[in-house]
Amino acid sequence: MKKVKVYIDSREIEVSPNITILEAAKEAGIKIPTLCYHKDLFPSGSCGMCIVDIDGQGIKRSCITAVKDGMKIKTITPEILETRKTILELVLSSHPKDCLTCIKHGNCELQQLAEMLSVREMPYEWYDRGLPIDKNSKGIVRDMNKCIGCGRCVTVCQEVQTVKAIDFHGRGADTIVAPPLGMGMEESVCVNCGQCIVYCPVGALYEKEAIDYVWEALKDKEKEVVVQIAPAVRVTLGEEFGMKPGELVVGKIYTAMHMLGFDKVFDTNFSADLTILEEGTEFLTRLEKGGPLPLITSCSPGWIKFSETYFDELLENVSTCKSPQQMLGALIKTYYAKENKKDPSKIVSVSVMPCTAKKFEASRPEMNASGYRDVDYVLTTREIARMIREAGIDFKNLPESKPDPLLSSYTGAGTIFGATGGVMEAALRTAIEVKTGKTLPRLDFTDVRGIKGIKEATLNVDGITLKVAVAHGLSNARELLDKVKEAKKRGEVLYHFIEIMACPGGCIGGGGQPLPTDWDKKKERIEGLYNEDKSLPLRKSHENPEVKMIYEKFLGKPNSHKSHELLHTHYTKRDAYKIEKKI
Amino acid sequence: MTNYILRFLDTSDIKSYIDKDGYEGLRRTIKMSPKEVIQEIKSSGLRGRGGAGFPTGIKWESLSNEKPAYIVCNADEGEPGTFKDRLLLESAPHLVIEGLIIAGYANQAEKGYIYIRGEYPEETKIIQKAIDEAKKYKLLGKNILDSSFSFDIEVKRGGGSYVVGDETALVNSIMGKRGNPWHKPPYPTQQGLWSKPTIVNNVETLSCVSLIMQEGWEWFSKIGSFDSPGPKLYCVSGNVKKPGVYEFPMGVPLRDVINTAEVDGVLKAVQIGGTAGPIYSTKSLTLTSTTDFWSLGTPGIVYGAKPLDFNLDFASMKKIGGSLGSGAIVVMNNDAIMVDVLEVTLRFFAEESCGKCFPCRYGTRQLYHMAKNIATGQGKEEYMDIMQKTAVSMAKASLCPLGQSVIMPLKGIFENFKGEILSFIRHQKYIKRVEI
């Protein structure tokens, strides 16, 4: 495409057409301050921080104004600088002044902007909005006093996830972001995916922390505190300590967990492998018995609540397998307790997850097959980083160590659970070998890799044509499943197997992952997972030695009565909104 | 005074409208090609009566060719001191409907909407009845007047937001979305309702369209000033003996309008164009003249030797840094306390800001807070600078005209009544406010 010439701050630059002034300035290395803008999201142009002066047009927002050939743009004039500062002072005039104890302290875009623009005095009278903090949700806390109204959370909830749990209410300075009809997040259709947290520039949205409970448990001498680490955490936790996205830090995590005082350190990758055997077997059984197909994965708790709310006609298609977190939780209080002669009531099961929906999942009433809660406390990647920092551990320079045996060996198939398409690939590696009895010549199913919203692949297995699809981000899931739903009504089967991940990019883009984040970082994280997969000696779930052992010693075979009891679950149809008429 | 638009008062019954040669404009229209109709409106020089004064013919011409296209009648009359559309809706609904059908024909739209403000329930009923009547007379619906042109009108009610008077916010509201404006471009003429081309015209504009098609563009262009032809409705309220809607040719001297309505008491200030318009003091008005304009001290009557160069049309108002807006004229006499005017004005902005863009959301809140402090005797002298600075930043960085225009009344009050406000702030502790 023909490039256009623009002049930014008297510098002549050539840029491609159809980009905004903000993007053009970035290409030229000129930084225009922004507040409501996030490069992954459609700009709303609400904050007015990125204003520039265009010759002949006056002051415009650079984030929503396209470049034109010959455009002369000034990003720095005394007028613009003063306006930006005034806007920021206005925002600060109702923003709580509790930076020191705020969860976003040091990682807050508003704080950074105030520092950048050297705000020293507050000309406006500060006022307290006095809004209650919504803490009832299992995964997400909303403190609207801190909200600056940028609308990123609304955009991500409505457009990227199509959950539509929150929107703007009220007007003027009283505008708040909230679920409809005065509901709290717990009663709303919120699926706890936490993408709103990922995009919140300030501390208005954050995970419901479980840190204090975990410290309490670690203090208690009577309790056996067991922790499991999710696949996606091993390539992201390093970011919290200045390491590169995608850097594999799993060995350091094991060391840190032992240092923090956890009695046993297990790996969710183990139960990811186990999930493949359970789900793969379920898939092959359904394939033989003729349905119901497609089988849809069930590892992503955000997706599960979404399906219960919006796709209840497809609930029978969702795999009955619990997620790896819940499987491991159930096994810790049964298999591990039995093997080590521990009292399950004394075991505290903690998980480290990239996810806020896992907090909700762990609290579901049906998740207590052993008679105890499968998982007691869920920590996000960010929370475990806070605990490590609090303990004064120099994470970056930690030596690597091994996890505790029994529930921690894993294959590359378990690792790639953290990336979109990973569960599908892992399942195919096992399902095809089990079905055909032959060793796969090539393990990389590249069709289902990558960050395309909806991915499809057709495979030929022993004369059977298998059609599979992968969607990540709930808007993509909705698009795909709307088609599946329509086809189902007509009695057609569009796909045999579908993987859905609630978060864009899969778990590496989860609501509990290090902030700030964007697609560039997510791509590096995904690469990190595939690199580990490639480097491992075992890359197929059914080859996992501890998985083989658990079937021999405890579960019998995949989909046995015992595994159904402990490792499988059921779903509940949810009404989108219960509106009771008040008389 | 003229009587071109207002001669159609009391024609809510279709027969009385037809008796006054109503719908003749539509009959003439459908004999012409849509292009010819747009040309006729262009030649007439009609400019939008909603506030911005954009040439209607050019707006129509700029409509994208994509189909379907929509026409919206903006009857969300929310500007304080403005009640001309209300009068037309309740007393001359067919004049509006005829204009809307003509606009539909000229722009080859298949559907029209009348977006009426929620506070006008009676007017909604009247306009709905008029639509039903027009359908019975085959003036609306399928094959209008046995031509191949079909057009339908749906009435939509607003929820009570001032910002929805902005065309982009109005389009959002019709679609059932939150009534927030969006940043233009894209203009509604390119991407409006359901991303299809949409024209939004004011009630009075469409009434003028009916007149033009009834009487011809030449007739229309001869009325009023060269730059802004046609008759115009002015809403006079405040301290006048005869408040109401007055029709004058565009460009009428302000004095004539106020004289007709008769000031009650001693004139102190005038606000033109609604709350977002500037406030003029009698002092600033006299400054433009060589002789005493206002006879201060003679209640009720305004007389002066010369009409002065203060004419009410788009170009003349722009020249003096104001805007004609919707044609609202709020008259204040010597009883008006300017700190109260300031407070009321800024409260209006704070309550009506939609809350989307930061400068307006926070700025209106802080401005009102300071104005309230001044009015309740807790003001500080530095407020005046801070308020000025805030409003200037808002004018530069707000997304829509609401936040951009706060500076207008604020500047008017600060420039013309600086002494009054400063002395109020300085001596507030000695002033005992009596609540009436």
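Reckoned from all heavy atoms, side chains included, excluding hydrogens, waters and symmetry mates. Reminder, nothing fancy here: chain letters follow the sequence lines and each chain counts from 1.
Chain B forms the most heavy-atom pairs under 4.5 Å with one residue out of A:I87, A:V91, A:I64, A:I51, and that residue is A:V91. By number of non-hydrogen pairs under 4.5 angstrom with chain A, the leading residue of B:K396, B:H183, B:K356 is B:K396.
With a threshold of 4.5 angstrom between heavy atoms, A:E125 approaches chain B through its backbone and through its side chain. Both the backbone and the side chain of B:E352 come within less than 4.5 Å of a heavy atom of chain A. In this structure, chain A has heavy atoms under 4.5 Å from both the backbone and the side chain of B:T390. Interface residue B:N373: only side-chain heavy atoms are found under 4.5 Å from chain A. B:S398 touches chain A through its backbone: at least one of N, CA, C or O sits under 4.5 Å from a heavy atom, while the side chain does not. Only the backbone of A:H169 comes within contact range of chain B, with heavy atoms under 4.5 Å apart. Only the side chain of B:Y383 comes within contact range of chain A, with at least one heavy atom under 4.5 Å from a heavy atom of that chain.
For A:R129 (side chain) and A:N145 (main-chain N/O), no donor-acceptor pair under 3.5 Å exists by modelled atom type. Within the 3.5 Å criterion, the main-chain N or O of A:I80 finds a donor-acceptor partner in the side chain of A:T77.
Residues B:Y162 and B:F348 place their aromatic rings such that the two centres sit under 6.0 Å apart.
When side chains are defined from C-beta on, A:D167 does not count as touching A:P180, because their heavy atoms never get closer than 4.5 Å. Looking only at side-chain heavy atoms (C-beta outward), B:K59 and B:T189 come within less than 4.5 Å of each other.
Under a cutoff of 6.0 Å and an axis angle of 45°, B:K156 and B:Y115 do not form a cation-pi pair.
The OG atom of A:S62 sits 9.0 Å away from the OH atom of A:Y37 when rounded to the nearest 0.5 Å.
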